[in-house]
J.: 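Pasting a structure below so you can have a look.
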Amino acid sequence: MLDPRHKKKLLQRISRIRGQLNGVENMLAQDRHTFKILQNAAACRGALNGLMAEIIEAHIHQLSDTGSQKQKESASELIDIVHAYLK
């Protein structure tokens, strides 16, 4: 389970992503320049990747919380890899 404060933060983040996606939809409906649409779509993808990274990080922390110091260090290294990959 996620910490209630963290869960609230993630839900707020999802709300912002939804707003970004609505913006892309509006730009398409208004026949805006494709470059601007692509820029906004890329921003949405980045925001979604960041959300996924945070959720994965929370899961890794949950798995390693009861582990040894070595497991916690490995979890930290894995989190760094996830953040680098989803950047």
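Hydrogens, waters and symmetry mates play no part in the numbers below; they use all other heavy atoms, side chains included. Everything numeric here is computed off the predicted structure, so don't read it as measured data.
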J.: Find the distance between CD1 (Ile79) and CD1 (Ile60) and round it off to the nearest 0.5 Å.
T.: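 So the gap between those two atoms works out to 5.0 Å.
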J.: Check whether Ser74 reaches the backbone of Lys70 with its side chain - one donor and one acceptor, N or O, closer than 3.5 Å.
T.: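 Side chain of Ser74 to backbone of Lys70: a pair is present.
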J.: Gln62 and Met1: which non-hydrogen atoms are nearest, and at how many Å?
T.: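 Heavy atoms of Gln62 and Met1 come nearest at NE2-O, 2.6 Å.
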J.: Just verifying a value: how many Å separate Ser64 OG and Glu73 CD, rounded to the nearest 0.5 Å?
T.: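 Between atom OG of Ser64 and atom CD of Glu73 there are 11.0 Å.
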J.: What's the separation between atom CD1 in Ile37 and atom CG in Leu28, rounded to the nearest 0.5 Å?
T.: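 These two atoms lie 4.0 Å from each other.
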J.: Roughly how far, to the nearest 0.5 Å, is CG of Asn40 from CG of Leu21?
T.: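 That separation rounds to 10.0 Å.
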J.: Among all residues two or more places apart in sequence or in another chain, which pass the side-chain contact (heavy atoms from CB on, under 4.5 Å) test with Gln71?
T.: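 Checked Gln71 against side-chain contact (heavy atoms from CB on, under 4.5 Å); matches are Ser68.
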J.: Taking only residues two or more places apart in sequence or in another chain, which ones pass side-chain contact (heavy atoms from CB on, under 4.5 Å) with Leu86?
T.: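 So Leu86 forms a side-chain contact (heavy atoms from CB on, under 4.5 Å) with Asn49, Met52, Ala53, Ile56, Val82.
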J.: Working to the nearest 0.5 angstrom, can you tell me the gap between Arg45 CZ and Leu38 CG?
T.: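 Rounded to the nearest 0.5 Å, the CZ-CG separation comes out at 9.5 Å.
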J.: Looking only at heavy atoms, what is the nearest atom pair of Ala41 and Val24, with distance?
T.: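 Scanning both residues, the minimum pair turns out to be N-CG2, 3.8 Å.
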J.: Could you list all the side-chain hydrogen bond (donor to acceptor under 3.5 Å, both in side chains) pairs where at least one residue sits in residues 11-35, not counting sequence neighbours?
T.: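 Counting only pairs at least two positions apart or across chains, the side-chain hydrogen bond (donor to acceptor under 3.5 Å, both in side chains) contacts touching residues 11-35 are Arg13-Glu54.
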J.: When hydrophobic residues are tied together by side-chain contacts of less than 4.5 Å, even through go-betweens, does Leu10 share a cluster with Ile17?
T.: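 Yes, same cluster.
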J.: Can you measure from NZ (Lys36) to CE (Met27) and round to the nearest 0.5 angstrom?
T.: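 Output value for this atom pair is 7.0 Å.
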